[in-house]
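Read through the structure below, which is laid out as structure tokens, and then see the notes.
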Amino acid sequence: MSDLNAPIYIVSLNSNYLIQEDQIIANQTNDIVLIAPNCEFDSSFIGWLASLLETISAEKHSRIIVAAPNQYETIPSDWIVVPTQTEAEDMIEMDRIERDLGF
Amino acid sequence: MKELSVNHLLGIKYLQQEDLHLIFETADHFKEVINRPIKKVPSLRDVTIANLFFENSTRTKLSFELAEKRLSADIINFSAAQSSVKKGETLIDTVNNILAMKVDMVVMRHPSPGAAEFLSKNVNSCIINAGDGTHEHPTQALLDCFTLCEKFGELKGKRIVIVGDILHSRVALSNIFALNMLGAEVKVCGPKSLLPKHIESLGVTVEPDLKKALNWCDAANMLRVQNERMDQSYFPTVREYTQLYGLTLPLLESLRKEIVILHPGPMNRGVEISSEVADSDHAIILDQVQNGVAIRMAVIYLLAAKLIKPQ
């Protein structure tokens, strides 16, 4: 059974996102929310984020990105992107219930 | 738009065949939604649902909660253990207090048969029965039939056996109503002490021998032995029950044909079903769990549509 109340690692990405990478990787055993509404989703940021998501991808863990709706067009469609932190936490709660139910 | 013939989901016996098909069609759409990366739709953004569980339940409660979240409804969770019920508050008072919070819909599990129907007549809200004593568990029957329909295409003429504790099982009763409505042939199998008298009057036949029942059927629904409902001993020992009515892999492999295995959960592994069977390709138990969310989304969505519709 998964812990429905387990802590969520929430990190606000800023212009020094490269420096934040180690900290994010160190927290990969948690569900993670990457808050990035102020980040420019250009090719270098998307490339870095894709590589990070691959590194921290884990079965039975959620990785949710918070981004401004005007950035959605440029974000890969298989990433889970929501507009607010509340929405991200709600997605994680749903994922946890799914895992608790066994699927 | 097609709509349900009822304003509440109190039991399968109150539904019509068209209602079942509409729920299945709607659940099909929601299955597509829950396979997307963002498994959420804004359909019920302004609807508040109270989950009232007067009886312990983990899986059904979580399944309803997930369905409600996927539909973007606002949720109030209530369990009897934390409530004024323990201080003697009546069911109507409890629910009216909750409805004062502007709740549109109530999902209720209650140990008393008929509690959901009683509530529907006494409070001004849409009621979904999540299990009332030994009476009905309509969403479980809907998800079982939906899962079987996915497997077989349709249920008309299919042979389904329900095995185990029929006497205490709301799942059995709701399944019998739903399967009959969809044209399946239904048999029940279990110790005589766990079969209700006059069960045949519900349009089923009785087969006491498990192997004969399994050789007859296309699918078997293995019910849980409900120790918590047994106020007296209905069979000598669990070991004897398992020997006579437990489904094992050697038994399954000795049958003349392949059959499909369902279980409403939670399973007593090694009692009514062995782990080898539960984890085998014959079992569609995980499909049942996943379909449970889609079916509950469909039921809530279709009932909410009637609620929101201008009169």
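Letters A, B, ... mirror the listed sequences (proteins, then strands); counts begin at 1.
The residue from Thr58(B), Leu286(B), Leu66(B) that alone fulfils the side-chain contact (heavy atoms from CB on, under 4.5 Å) condition with Leu101(A) is Leu66(B).
The number of heavy-atom neighbours closer than 6.0 Å to CG of Asp279(B), taken from other residues, nucleotides and ligands shown, is above 12. No more than 12 heavy atoms of other residues, nucleotides or ligands lie within 6.0 Å of CG in Asp281(B), so this atom counts as exposed by the packing criterion. Within a 6.0 Å sphere centred on NZ of Lys151(B), heavy atoms belonging to other residues, nucleotides or ligands number 12 at most.
The two residues Ser77(A) and Pro37(B) make their nearest non-hydrogen contact at O-CG, 3.8 Å.
Every pair tested for ring pair (Phe, Tyr, Trp, His ring centres under 6.0 Å) that includes a residue from residues 72-92 of chain A fails, sequence neighbours excluded, so the list is empty.
Heavy atoms closer than 4.5 Å to chain B are found in the side chain of Met91(A), but not in its backbone. Contact annotation for Lys69(B): both backbone and side-chain heavy atoms come within less than 4.5 Å of a heavy atom of chain A. If you measure heavy-atom distances from Arg70(B) to chain A, the contacts under 4.5 Å come from both the backbone and the side chain. If you measure heavy-atom distances from Glu98(A) to chain B, the contacts under 4.5 Å come from both the backbone and the side chain.
No side-chain heavy atom of Lys39(B) sits under 4.5 Å from any side-chain heavy atom of Met94(A). In this structure, Lys40(B) and Val82(A) have side chains that are not in contact, with every pair of non-hydrogen atoms separated by 4.5 Å or more.
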